[in-house]
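Everything on this sheet refers to the single structure shown next.
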Amino acid sequence: MGSSISWARGLFWKGNRSPLSPFFGSPWGFLRVFWKSCHWAWAIQPRHHLLRLNPQSDPMDPYQQLDFLALDDQFSEEELMVRDAVRSWCSERFMPLVMEHFEAGTFPMELVGELAELGVFGPTVPEEYGGAGLNSVTYGLICQELERADSGLRSFVSVQGSLVMYPILAYGSQEQKQEWLPRLASGEAIGCFGLTEPDFGSNPGGMLTTAKRDGDDWILNGRKMWITNGTCSQVAIVWARAEEGIRGFIVPTNLKGFSAPEQKHKWSLRASITSELVLEDVRVPNGALMPEAKGLKGPLGCLTQARYGIAWGAVGAAEACFDEALRYSKQRIVFDKPLAAFQLAQKKLADMATDISLAQLMALRLGRLKDEGKFTPHQVSMAKRNNVSMALKTSRTCRDMLGANGISLEYHTGRHMLNMESVVTYEGTHDIHTLALGHELTGIPAYR
Amino acid sequence: MNIVACVKRVPNTEAVVKVADGGTSLDESGLSYMISFYDELAIEEAVRTKEAHGGEVTVLTLGPSEGTKEIRECLAKGGDRAELLADSNWLSRDCRASAKALAAKLSDLGADVAFMGRVATDRDNAAVGPMVATYLGWACVTDVVSLEIAEDKGTARRETETGIETIEFSLPAVITCNKGLNEPRYSNLKGIMAAKKKPFEESPAELVDNQASVIALTPPSPRAEGRILGTGPDAVPVLIDALRNEAKVI
Ligand SMILES: Cc1cc2nc3c(=O)[nH]c(=O)nc-3n(C[C@H](O)[C@H](O)[C@H](O)COP(=O)(O)OP(=O)(O)OC[C@H]3O[C@@H](n4cnc5c(N)ncnc54)[C@H](O)[C@@H]3O)c2cc1C
């Protein structure tokens, strides 16, 4: 094996390079060798991984994405630039805070301005409404990078873009678009999406929340549950049953009769606010009704967008766990050699690398189909179902490989594993997507 | 103001790299690249100078034709146009040849000021900036940590091992940027979209032969094993003795 040289990233980034150091005397001064007397280290070290035992909580940490099938070749320069920009932002700005917020059950609201500046709120929205007019593959890559950091971060951005900006863009009036989209893109307003109710999750068509006409106004009554960002939103997209069927409303959260108490004691998706929405005789003008959303296909159309992002996001979460477990397994000495030198560990790594690569392919293909205007909700169901279940399984395997460290928030894997329990449930549970696929394949609905 | 930021595309410092067969260069297969850290400071300073004084920022690089992504990232961060001097062998080009090629282009461009990194993070020579200035007959201030530019002159502060110097210089000038000069901005999605539409010109680099070439590339010898001098308070005098008489550092 040729010798490997690891570039001394930490030293020059921290700017504390000492000219006296004998390690930097050579013309290749910034090269540093991680020389291990143990020959295992050489034998098993693939090119893209630094030999470090540190947990990843260091913002300087070099996350290395597995790209076994060289899929980077399939992306345009611009797509890669966006991905890398979001990746560095996450590493440098979000990762140093994530453990603290996950533990506290809070979202770092102070970063909302930076997220907006980065441009991740509704990036596919046309520029005239404050978006960046990006394609869907780029949006997918953004979700992948955000969820590599934390599902809470990706959820924040998914809700804002796919569940709040998207319905306004797709179903809203010109006035509604002009009023809300630029404010949502700039982070001046945060939005939430209220569909689920205490008794109706997988079957939102049964919802009890009502919208009744009162002259030119509407009166909304009901209760929504499990609403991401409810408590910190300025505006809620509320789905309610009207006489003519399910309709969607753009509801400012400061209206009389509207409240959004936070749901506490979650052990998953903790770096994200989840809330109830309580609507007691909330009066909104007819201008709050989105004219083009009629029936259940309104909210379902939004969910298709968000699920698309989740199919990519799950890859990011799985990648984060895999990266950590691979690194760890090469460092952790058990029975006198690295964990990675045991066949049982290698099988796990081989399986996970394969699963991740397949999920990447599915996300990419789906993205290209979406950009060609050809993707179907059933394809999204397949990708959401497969990729999230892959990420859940991968995170559990990685958690196991980290031993006791796997249950510590000092490492990322345990946090991702807990998050995946939410992601596998929201936006259509795994089994609901199974039924959707079964329905599509056989033509026979088996939901009830 | 005609502002140029000279940037180098270097192997990613987070990657683990190998010496290629032959032992004189890096194995480039699967290597990822980035803009040298100090050159990020150069871009940022160039953009800030434009924001303060108006004008245009040209991003100038000597590098391979295919290395456009990293240069476009500089456009996303506020550069207005890019000039790529094509050199597929840029990683093993010596300082003189690199400096000559850059100087020729800077002269063509009629730059008022050229910002460069204090050193490129791959070769660690810290020579190209001063050499460019010498070939052009321009002022040169290295390792700059703060800077003010007026009409035809500027004031810079440079931090060295021995102290802090404040320097007044005339324009045109080459400024090499050191950590602390600024905090480089992140590129954002709109900047990236805009970068796609900015002018990007490629021309062959005017190259002279290397006068100095790498003939062997070897990792530093392994660090000697540590020595335990003792434990607890008893070890303190032994440690002091070792630091004083062996290491001669106190
Ligand atoms: C952290 C978090 C954030 C969320 N954010 C939002 C949000 O922002 N907005 C929003 O509207 N909602 C949100 N949700 C709600 C989420 O979408 C629902 O929880 C989800 O749709 C499942 O509904 P449920 O919890 O009522 O489960 P149920 O529908 O009661 O399902 C329970 C179990 O029954 C299974 N099941 C259901 N129907 C069938 C069937 N026909 N055949 C076989 N099995 C079936 C399910 O697969 C599941 O295993 C969020 C949830 C979580 C956990």
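Each chain gets a letter, A, B and so on, in the order its sequence line appears, and its residues count up from 1. Values in this document were obtained by computation on a predicted structure and should not be read as measured data. Side chains are part of it too, since the values below use all heavy atoms of this structure and drop only hydrogens, waters and symmetry mates.
Checked options B:K8, B:R9, B:R93; the residue passing with B:D87 is B:R93 (criterion: salt bridge (charged side-chain N to carboxylate O under 4.0 Å, His left out)).
By the 6.0 Å and 45° rule, B:K179 does not stack over the aromatic ring of B:Y38.
Here A:G119 is the residue among A:G119, A:A70, A:P123 with the most heavy-atom pairs under 4.5 Å with chain B. The candidate from A:V120, A:L80, A:I142, A:V86 with the greatest count of non-hydrogen atom pairs under 4.5 Å with chain B is A:L80.
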_A:E147 vs A:L153, test: side-chain contact (heavy atoms from CB on, under 4.5 Å). Steps then yes/no._
CA-CA 7 Å; A:E147 196 141 5; A:L153 177 61; over 6 Å; no
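For B:K69, the parts lying under 4.5 angstrom from a heavy atom of chain A are both the backbone and the side chain. Of the two parts of A:D72, neither the backbone nor the side chain holds a non-hydrogen atom closer than 4.5 Å to a non-hydrogen atom of chain B.
Below 4.5 Å, heavy atoms of chain A meet heavy atoms from B:A76, all part of residues 76-86 of chain B.
Annotation for B:N245: atom CG counts as buried by contact number, over 12 foreign heavy atoms lying within 6.0 Å.
By the 4.5 Å heavy-atom criterion applied to side chains, A:L364 and A:W312 are counted as neighbours. In this structure the side chain of A:V125 never reaches within 4.5 angstrom of the side chain of A:Y166, judged on heavy atoms.
A donor-acceptor contact closer than 3.5 angstrom is absent between the side chains of A:R154 and A:Q144.
Applying the salt bridge (Lys or Arg N to Asp or Glu O under 4.0 Å) criterion to A:E188, with sequence neighbours excluded, gives A:R183.
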